Number of protein chains: 4
Amino acid sequence: MSRSAAPTLVGLLSGPDCPGIVAKISGWIYGRGGNIIHADQHRDHEEEVFFQRLEWSPPVGDSAAEGVAFAEFARSLGMRTVVGRSDERPRVGLMVSKFDHCFHDLILRWKAGELRGDVACVVSNHENLRAEAEHYGLPYEHIPVDGDSASTAEESQLEVFHRHGVSLVVMARYMRILSAGFLEKLGCPVINIHHSFLPAFAGGRPHHQAHARGVKLIGATAHYATEILDDGPIIHQDVTRVTHRHGVADLVRKGRDLEKLVLSQAVAWHLENRILVYGRKTVVFD
Amino acid sequence: MSRSAAPTLVGLLSGPDCPGIVAKISGWIYGRGGNIIHADQHRDHEEEVFFQRLEWSPPVGDSAAEGVAFAEFARSLGMRTVVGRSDERPRVGLMVSKFDHCFHDLILRWKAGELRGDVACVVSNHENLRAEAEHYGLPYEHIPVDGDSASTAEESQLEVFHRHGVSLVVMARYMRILSAGFLEKLGCPVINIHHSFLPAFAGGRPHHQAHARGVKLIGATAHYATEILDDGPIIHQDVTRVTHRHGVADLVRKGRDLEKLVLSQAVAWHLENRILVYGRKTVVFD
Amino acid sequence: MSRSAAPTLVGLLSGPDCPGIVAKISGWIYGRGGNIIHADQHRDHEEEVFFQRLEWSPPVGDSAAEGVAFAEFARSLGMRTVVGRSDERPRVGLMVSKFDHCFHDLILRWKAGELRGDVACVVSNHENLRAEAEHYGLPYEHIPVDGDSASTAEESQLEVFHRHGVSLVVMARYMRILSAGFLEKLGCPVINIHHSFLPAFAGGRPHHQAHARGVKLIGATAHYATEILDDGPIIHQDVTRVTHRHGVADLVRKGRDLEKLVLSQAVAWHLENRILVYGRKTVVFD
Amino acid sequence: MSRSAAPTLVGLLSGPDCPGIVAKISGWIYGRGGNIIHADQHRDHEEEVFFQRLEWSPPVGDSAAEGVAFAEFARSLGMRTVVGRSDERPRVGLMVSKFDHCFHDLILRWKAGELRGDVACVVSNHENLRAEAEHYGLPYEHIPVDGDSASTAEESQLEVFHRHGVSLVVMARYMRILSAGFLEKLGCPVINIHHSFLPAFAGGRPHHQAHARGVKLIGATAHYATEILDDGPIIHQDVTRVTHRHGVADLVRKGRDLEKLVLSQAVAWHLENRILVYGRKTVVFD
């Protein structure tokens with residue numbers, strides 16, 4: 001995944017399949033003086049839907065305008081389109097509770113240059129990670145949530161994310177459900193990490209459920225959050241082996257490594273415009 | 001797992017934990033002139049149960065009698081006990097339907113010397129694997145099963161397995177449920193392979209279920225069959241990665257390799273007396 | 001990897017990268033009335049080489065002629081080109097010694113429809129798999145090899161493969177080195193499976209080497225054979241975990257599963273025209 | 001791996017195998033009023049060496065004295081013995097250069113309670129991680145190393161480690177070779193992480209070597225450092241898949257996750273007294 005230094009555009013397209021679509025799209029880019037760097041495509045033969053991810057160097061000039069022109073062209077072919085620019089860095093809001101492993105992991109990866117975006121702020125229903133967040137130079141907003149205040153809390157969360165201009169929210173082991181209203185008003189995707197191999201062990205205390213069932217592998221699943229708990233489109237999953245020797249505490253500890261790897265990979269893919277959501281599924285051009 | 005050529009005994013023990021239990025058991029063996037080759041143990045600290053697998057060289061003489069004496073001794077400590085002998089080869093009955101991948105895989109592993117037991121007979125609700133079974137030198141019993149004849153078929157199956165003296169039945173992608181009565185009359189364990197990562201996608205057409213949910217890993221699970229479908233104690237599980245590019249037919253094809261590896265490993269462990277069933281779970285001393 | 005039933009063409013291209021190459025190639029196909037089903041591409045930015053795998057439905061008519069026309073067009077762009085047709089089934093020659101696990105595995109996969117080609121003949125320096133090969137309906141040629149007869153044996157092997165019209169030879173644990181002259185006269189690729197994670201433990205007795213070094217993973221590597229032992233372009237590799245408990249015999253046994261999976265995957269990819277050789281490396285469009 | 005709260009002893013034994021050794025050792029512990037919690041053993045049948053890891057609750061009283069008594073008893077059986085106590089926390093010295101991923105990973109695991117020991121100090125040949133180390137509350141010693149000053153630098157390093165009373169040194173991507181004299185004077189083990197699957201790609205720039213060879217998996221290896229580069233007993237290894245799409249920079253990035261997981265696991269096992277070194281190999285009782 002070598003990268004050229006010059007600004008590039010990335011288009012994510014989906015829509016009804018039709019003959020010549022690859023030629024039309026690549027021909028449009030070539031005709032404008034652009035050069036395709038990567039192209040990946042997929043057809044769902046059952047649904048007759050075409051998916052494509054294109055990364056290209058636009059002609060010298062206004063890359064933002066070229067992106068807009070491409071989106072218009074793609075729409076004329078009946079395609080849904082998202083266009084990202086390599087010279088833009090999306091802003092990301094983190095939601096955390098008391099667990100800190102995904103929090104540290106994402107921030108250290110960001111600081112190591114692994115993410116094509118910037119962590120903008122941290123929202124928590126607890127105070128306990130304030131000093132760590134501020135050490136990393138990040139604003140920290142403590143918004144307590146209890147039964148009565150849930151909707152008030154959501155208003156405060158929305159205000160923070162909108163003020164920081166985030167275009168992605170990551171629930172880094174934030175242990176509360178977001179309402180349909182929140183997701184709608186937020187206006188950008190939310191990625192969540194669930195500490196099981198979904199659809200096994202959805203809901204609360206999945207490691208306890210897994211231990212009780214005696215499974216030999218435990219998993220973690222990164223998915224886009226929807227209003228239905230642990231039901232949104234799956235982005236990435238991984239598992240690790242456990243044995244009868246592992247108690248629930250061991251599952252929790254082993255799960256942490258899975259959660260870090262799975263969530264950070266999902267966030268990286270999202271920020272690189274590699275994911276198309278498609279009904280209850282995803283197409284991931286990795 | 002190097003093996004000595006002389007006959008050895010393997011004891012599987014489980015029961016209430018108590019101080020000195022390791023010393024008492026190893027002392028008994030040493031006192032009789034035996035020598036422990038492998039010993040593995042586990043404690044369930046929640047339930048206060050002790051589990052042990054012991055492999056030892058008994059003193060020169062009647063190894064069967066020594067096994068009986070050991071079982072009596074272990075019972076005197078309150079332990080449930082199974083004792084196997086390396087100079088015994090358990091006989092295994094296979095149940096198959098039309099799928100042949102697990103059938104060939106198990107038989108080729110048996111012929112390659114990977115299993116500490118012998119395949120004794122093949123029972124199928126179809127005729128299609130008769131020539132293959134007979135090429136391998138195995139008796140093949142075609143016992144058709146339809147709605148009305150299910151209980152008659154079970155009687156015939158029981159007769160075959162009892163006649164061949166099997167002490168393990170393996171459902172090598174046999175696609176029918178066995179009744180509680182059958183399992184009871186059979187009087188020996190039954191290992192089944194389910195083509196999903198249980199408890200996700202129990203029941204029929206798991207690859208279709210997995211495809212519809214958009215999971216990124218598919219699995220296979222070997223478990224002891226109980227009267228409840230896909231609910232018995234899990235012995236072994238594994239998964240493999242799939243992407244949006246894989247249709248149901250690809251999941252089926254990729255699943256075959258998983259099923260072969262997971263089922264054959266579970267059967268090998270069982271025949272080596274490595275598995276203790278424990279409520280709805282297993283302890284596997286691998 | 002859903003497949004359409006109509007005949008398709010697959011082109012593998014490599015050559016100097018230049019602007020508009022994707023547009024030119026897709027435009028050519030569209031202009032002739034073809035429809036691209038899959039397209040995958042890669043750029044080596046260090047070497048400035050462009051690689052592409054294209055699968056498309058040609059216009060109704062002579063698909064062979066269309067393939068020839070495409071190859072000519074691609075050459076006019078400076079591309080090296082191989083074109084395969086889905087209605088052709090390449091013929092494969094197997095070379096075996098005494099080990100039979102890869103032999104059975106490949107043939108059973110072929111019979112299960114997993115390979116886009118046909119096993120045509122089996123050549124061995126031993127007699128021991130004749131009955132098995134003939135049971136599978138395959139001609140078996142026993143060509144003994146000893147120090148003095150190596151070049152005579154190679155002449156006989158070449159005669160067999162040419163007579164059977166093979167366009168791929170698979171060394172399914174054939175334990176002898178092929179000479180440069182043999183490879184040249186054969187005129188088609190040879191895939192070999194080495195039972196280690198190359199470049200670690202090239203040469204003889206790799207499991208003994210691995211055991212002596214105390215590694216914690218053992219591997220298998222499928223590669224194209226060249227005149228230099230275990231040095232050809234790597235197609236596929238995998239590993240499995242071992243511990244201090246595993247002796248050399250266990251490594252051999254565990255290695256067999258790796259060898260089967262890695263070799264059969266490499267052969268399947270080759271037969272689907274997914275592999276481009278490129279210096280000492282491969283590009284695998286999986 | 002459930003843990004009891006009361007102090008326990010862990011003994012690591014190795015020596016000539018002899019009949020009754022398990023009974024003698026467990027009998028000694030039981031006779032003194034101790035209770036075995038875990039016992040794991042291994043026999044090398046080629047070398048006739050016996051290995052055992054025992055964890056037990058000693059009788060109420062002076063656990064340190066009980067450990068000394070056990071070591072004396074074991075020596076009387078001809079066994080080499082190390083005895084650790086759960087109420088002791090070994091002190092660990094870290095060596096780092098400019099790479100910070102293993103540094104952060106180990107320290108965050110320590111702070112999360114995953115390690116049975118304490119990070120005591122950080123030694124680096126660069127200044128760049130001082131602020132981070134001090135944020136974690138750790139003393140940071142910058143000891144520059146260049147060609148002429150290597151032996152002077154080693155003297156300074158030894159002084160730091162001895163002053164901090166470390167009983168383990170971890171080279172967390174410290175990119176310099178330690179001399180035989182340093183290792184001898186240090187008087188405690190040193191764990192190193194090498195960013196390849198040893199013995200493949202020992203020495204410098206292993207990711208460049210791997211990329212040039214076109215391997216399909218890259219690895220990482222944790223081993224005890226010896227005076228010979230990348231040659232010491234291997235503790236743990238893991239690999240991850242790469243493709244033709246990954247350039248050297250991608251291998252470096254993907255390697256970081258491997259290095260973190262492999263090194264931290266090796267350190268955790270060492271601190272839990274799970275590793276016996278044995279010639280050029282290790283026995284890891286995990």
Side-chain angles (χ1 to χ4, degrees), chain A residues 1-6 8-9 11 13 16-60 70 73 77 216-217 239-243 245 281 283 285-286, chain C residues 1-6 8-9 11 13 16-60 70 73 77 216-217 239-243 245 281 283 285-286:
Chain A
M1 322 220 171
S2 314
R3 283 140 199 172
S4 60
T8 59
L9 296 173
L13 312 166
D17 198 4
C18 65
I21 193 155
V22 174
K24 286 172 190 165
I25 294 168
S26 55
W28 187 91
I29 290 173
Y30 181 49
R32 312 257 306 187
N35 193 28
I36 294 172
I37 298 166
H38 292 298
D40 201 351
Q41 59 179 82
H42 173 62
R43 274 179 173 77
D44 186 314
H45 290 282
E46 292 159 27
E47 309 279 342
E48 302 200 337
V49 182
F50 173 83
F51 302 88
Q52 192 173 40
R53 180 182 187 273
L54 272 167
E55 185 171 353
W56 76 100
S57 307
V60 175
F70 178 80
F73 164 72
L77 300 174
K216 303 299 189 184
L217 298 168
V239 296
T240 196
R241 201 160 287 282
V242 295
T243 75
R245 295 193 183 279
K281 299 189 196 182
V283 168
F285 291 117
D286 67 336
Chain C
M1 325 232 170
S2 313
R3 284 140 198 173
S4 61
T8 59
L9 296 173
L13 311 167
D17 198 6
C18 65
I21 193 155
V22 174
K24 286 173 191 165
I25 293 169
S26 56
W28 186 91
I29 290 173
Y30 181 50
R32 310 254 310 185
N35 193 27
I36 294 172
I37 299 165
H38 291 299
D40 202 351
Q41 59 179 82
H42 173 61
R43 273 180 173 78
D44 185 314
H45 289 283
E46 291 159 28
E47 309 279 343
E48 300 201 337
V49 182
F50 174 82
F51 303 88
Q52 192 174 40
R53 181 183 186 271
L54 272 168
E55 185 172 354
W56 76 99
S57 307
V60 176
F70 178 80
F73 164 72
L77 300 174
K216 302 300 188 184
L217 299 168
V239 296
T240 196
R241 200 160 288 282
V242 295
T243 74
R245 296 194 183 280
K281 299 191 196 180
V283 168
F285 291 118
D286 66 338

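Throughout, protein chains are lettered first and strands after them, A, B, ... in sequence-line order, and every chain is numbered starting at 1. Side-chain atoms are counted along with the backbone in the values below, which use heavy atoms only and exclude waters and symmetry mates. Treat the numbers as computed from the prediction; the structure is a model and nothing was measured.
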With sequence neighbours left out, write down each residue that passes ring-ring contact (aromatic ring centres under 6.0 Å, His included) with C:F73, or none if nothing qualifies.
-> C:W28
Which pair of heavy atoms, one from C:A23 and one from A:Y30, lies closest together, and at what distance?
-> CB-CB, 3.6 Å
Heavy-atom pairs under 4.5 Å with chain C are the metric here; pick the option from A:D17, A:I25, A:N35 that has the most.
-> A:N35
What is the distance from atom CD1 of C:I37 to atom NE2 of A:H45, rounded to the nearest 0.5 Å?
-> 6.5 Å
With sequence neighbours excluded, what pairs up with A:F285 under the ring-ring contact (aromatic ring centres under 6.0 Å, His included) test?
-> B:H244
Distance col, row A:I36:CD1 vs C:S26:OG, nearest 0.5 angstrom, shows 7.0 Å
